[in-house]
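Indexing begins at 1, ligand by ligand and atom by atom, following the structure's order. Nothing here was measured: the structure is a model prediction, and the numbers come from that model. Hydrogens, waters and symmetry mates are skipped; everything else that's a heavy atom, side chains included, is used.
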Amino acid sequence: MNKLEQQHLPIGVFDSGVGGLSVLKVLKEQFPHEHFIYIGDNKNNPVGNRPTEEIENIASRIAERLDREPVKILVIACNTFTVVAIDAIRNRVHCPVIGVSQGMQSVTTASHARRVAVMATVATINSHIHKHVALEYDPEIVVWEQPCPELAGLIEGGHIDDEPVLEALREYLAPIMAEKIDAVVLGCTHFPFVQTAMESISKDSIHYIDPAYETSDVVRRTLESGDLLNPSTEAGTIRLWFTQETDLAATLCQRFMKPEDVQVKVVTL
Ligand code: DGL
């Protein structure tokens, strides 16, 4: 394949469900001329409470499916897959692989109290990656690690602002507010979809950070350094593939894409 053909290839993006659409939204905004293929393995959602070997197998199967298309780079739009499986994925595919950023640069800058928290799945919290990265930016900073075992599953089930999700959020935010933390990083790509619900509980006391913008900066550096940016001036296409039927994907996408620009289908990996 020559360079021009490679530049026209899509960018592969994936998650365990609809969560990674919060990353795709930012990528679409930053790279309007790129084509995207997104896989949401919603049949296996949620993955964040599973053993690491299972998470690694699920992530690798999706990555290999996208690699066969082929795609020019792969963006793992999932914190859990990133912390557990990025090395395994890099060993199995032929293109550059980018994981989600931790967002710790933005969150440490946003915190006046120098007290920050990460909200994430159990697997991501158990990796302590956010804490390690935060301490590299500021060795004195206090980092509260809040596992949210029910949240991604609730969001995937369509609970965005109703009582079940508010009840879970009250439980997860209570210790964070008691610790007088003023900046929280959303360490799971599902969570930006409930940021408004979070703000209704914490009011103005907490600043929430979506790391997708930091991730998008890494995507740009990778595309530029590999001379992989699509030179086209036309709007790129978006293909959304899920492993089981979902109405939620279309509803969430309407917030940031024109329905005519998007194709949604169910695939077997
Ligand atoms: N959206 C995913 C993340 O960022 C995981 C959700 C799940 O399947 O548990 O970690």
query = Can you list the residues that meet the side chain to side chain contact (heavy atoms under 4.5 Å, CB included) rule with Ser106, with sequence neighbours excluded?
reply =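 In terms of side chain to side chain contact (heavy atoms under 4.5 Å, CB included), with neighbours along the sequence ignored, Ser106 is linked to Ile209, Glu214.
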message = If you compare all heavy atoms of Pro147 against all heavy atoms of Val122, which two are closest, and at what distance to 0.1 Å?
response =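 Nearest pair, atom of Pro147 first, then Val122: CB-CG2, 4.4 Å.
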ask   = Which pair of heavy atoms, one from His190 and one from Asp15, lies closest together, and at what distance?
value =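 Scanning both residues, the minimum pair turns out to be CE1-OD2, 3.2 Å.
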inquiry  = Using a 4.0 Å cut-off on heavy atoms, what residues surround ligand 1? Order them by chain and number.
reply    =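 Protein residues near ligand 1 are Asp15, Ser16, Asn45, Pro46, Val47, Gly48, Cys78, Asn79, Thr80, Thr121, Ala152, Cys188, Thr189, His190.
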inquiry  = Going by side chain to side chain donor-acceptor pair (under 3.5 Å), name the pairs with one or both residues in residues 112-122, residues two or more places apart or in two chains.
reply    =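 Passing the test, one end in residues 112-122: Thr80-Thr121, Arg114-Asp138, Arg115-Glu179, Thr121-Thr124.
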message = So, using side-chain hydrogen bond (donor to acceptor under 3.5 Å, both in side chains) as the criterion, who are the partners of Tyr208 when residues are at least two apart?
response =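 Checked Tyr208 against side-chain hydrogen bond (donor to acceptor under 3.5 Å, both in side chains); matches are Ser202.
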query = Going through the checks in order, is the side chain to side chain contact (heavy atoms under 4.5 Å, CB included) test met by Cys78 and Phe14?
reply = CA-CA 7 Å; Cys78 170; Phe14 69 97; over 6 Å; no
